[in-house]
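Below: one structure, written as structure tokens.
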There are 2 protein chains.
Amino acid sequence: MEKSELFKAVGKRIKELREAKGLTQVDLAGKMEGEFDTTNVSRIEAGRTNPTLYNLYRIAVALEVDLEELVRVF
Amino acid sequence: MEKSELFKAVGKRIKELREAKGLTQVDLAGKMEGEFDTTNVSRIEAGRTNPTLYNLYRIAVALEVDLEELVRVF
DNA sequence: TTTAATGTTGCCATATATGGCATTAAGTAA
DNA sequence: TTACTTAATGCCATATATGGCAACATTAAA
């Protein structure tokens, strides 16, 4: 699997999980532990960046899913 | 779960999977798609850095496991 | 129409992951 | 002892994720 494909797949998954909970990108950033800019939520969902483990983890916690769920892209 | 705990847990998992395959850190870096420095294998396994999604993915491929396996730390 | 909410994108600054190399240490075998 | 392998770590340079803000487009509601 190619790099940008991976990013897009994970981003899509995050977006789906977020919308399933009825959250906006602003809501998600706000629910995350510590600081997180909404700009980055957009970038990660769009697959335009290579997110770090810790940010994926914080997103998973905010979305109330296991980290595995976010990276189950096959 | 705290940040450095997460890194250590994922690092430990990588180390276990690597050793289960009888690979050295050099072997693992060598098997990874593209370039990857052995220094970083050590850093990631030790939990001293916050690895990116793409590098976790490349490690998973080299270790012949799903990415989910690497982040199943609970 | 105006207003507000949502998301994307561009820009720049900062923080940090990684590349790359050298050193160090521990283990193992000669 | 020496020589080799493996891994950890320190240093510096570079690449890039993120912070933070502004501008823009879209949609929906008044």
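Every chain is numbered from 1 and lettered A, B, ... according to where its sequence line falls, protein lines coming before strand lines. Computation of the quantities below employed the complete heavy-atom set of this structure, encompassing side-chain atoms and omitting hydrogens, waters and symmetry-equivalent molecules. Quantities reported herein were computed from a predicted structural model and do not represent experimental measurements.
- For the pair A/Ile44/A/Phe36, a side-chain contact is recorded, criterion being any heavy-atom separation below 4.5 Å from C-beta on.
- A distance-only check finds a donor-acceptor pair linking the side chain of A/Arg18 to the backbone of A/Leu23 [under 3.5 Å].
- Counting non-hydrogen atoms of other residues, nucleotides and ligands closer than 6.0 Å to CD of A/Glu35 gives a total of 12 or fewer.
- Checked for salt-bridge contact, A/Lys21 and A/Glu16 miss the test: no charged N lies under 4.0 Å from a carboxylate O.
- The stretch residues 9-33 of chain A does not touch DNA chain D, since none of its heavy atoms comes less than 4.0 Å from the strand.
- A/Val26 and A/Leu28 fall into different hydrophobic clusters, where Ile, Leu, Val, Met, Phe, Trp and Tyr side chains are chained together by heavy-atom contacts under 4.5 Å.
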For this session: Show your working on side chain to side chain contact (heavy atoms under 4.5 Å, CB included) between A/Leu53 and B/Leu53 and close with a plain yes or no.
Result: CA-CA 6 Å; A/Leu53 173 60; B/Leu53 173 60; over 6 Å; no
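- Applying a 4.0 Å cut-off to non-hydrogen atoms, none of the residues of residues 63-72 of chain A approaches DNA chain D.
- The pair B/Glu68-A/Arg72 meets the salt-bridge criterion, since a charged nitrogen lies less than 4.0 angstrom from a carboxylate oxygen.
- For the pair A/Tyr54 (side chain) and B/Ser4 (backbone), a donor-acceptor distance under 3.5 Å is absent.
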For this session: Take nucleotides 15-30 of chain D nucleotide by nucleotide from the 5' end and write B, S or -, depending on whether a protein heavy atom sits under 4.0 Å from the base, only from the sugar-phosphate, or from neither.
Result: --SBBBB---------
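- With A/Arg58 contributing its side chain and A/Glu33 its backbone, the two residues share a donor-acceptor pair below 3.5 Å.
- With respect to B/Glu45 and B/Lys8, no salt bridge is recorded, no charged nitrogen being found less than 4.0 Å from a carboxylate O.
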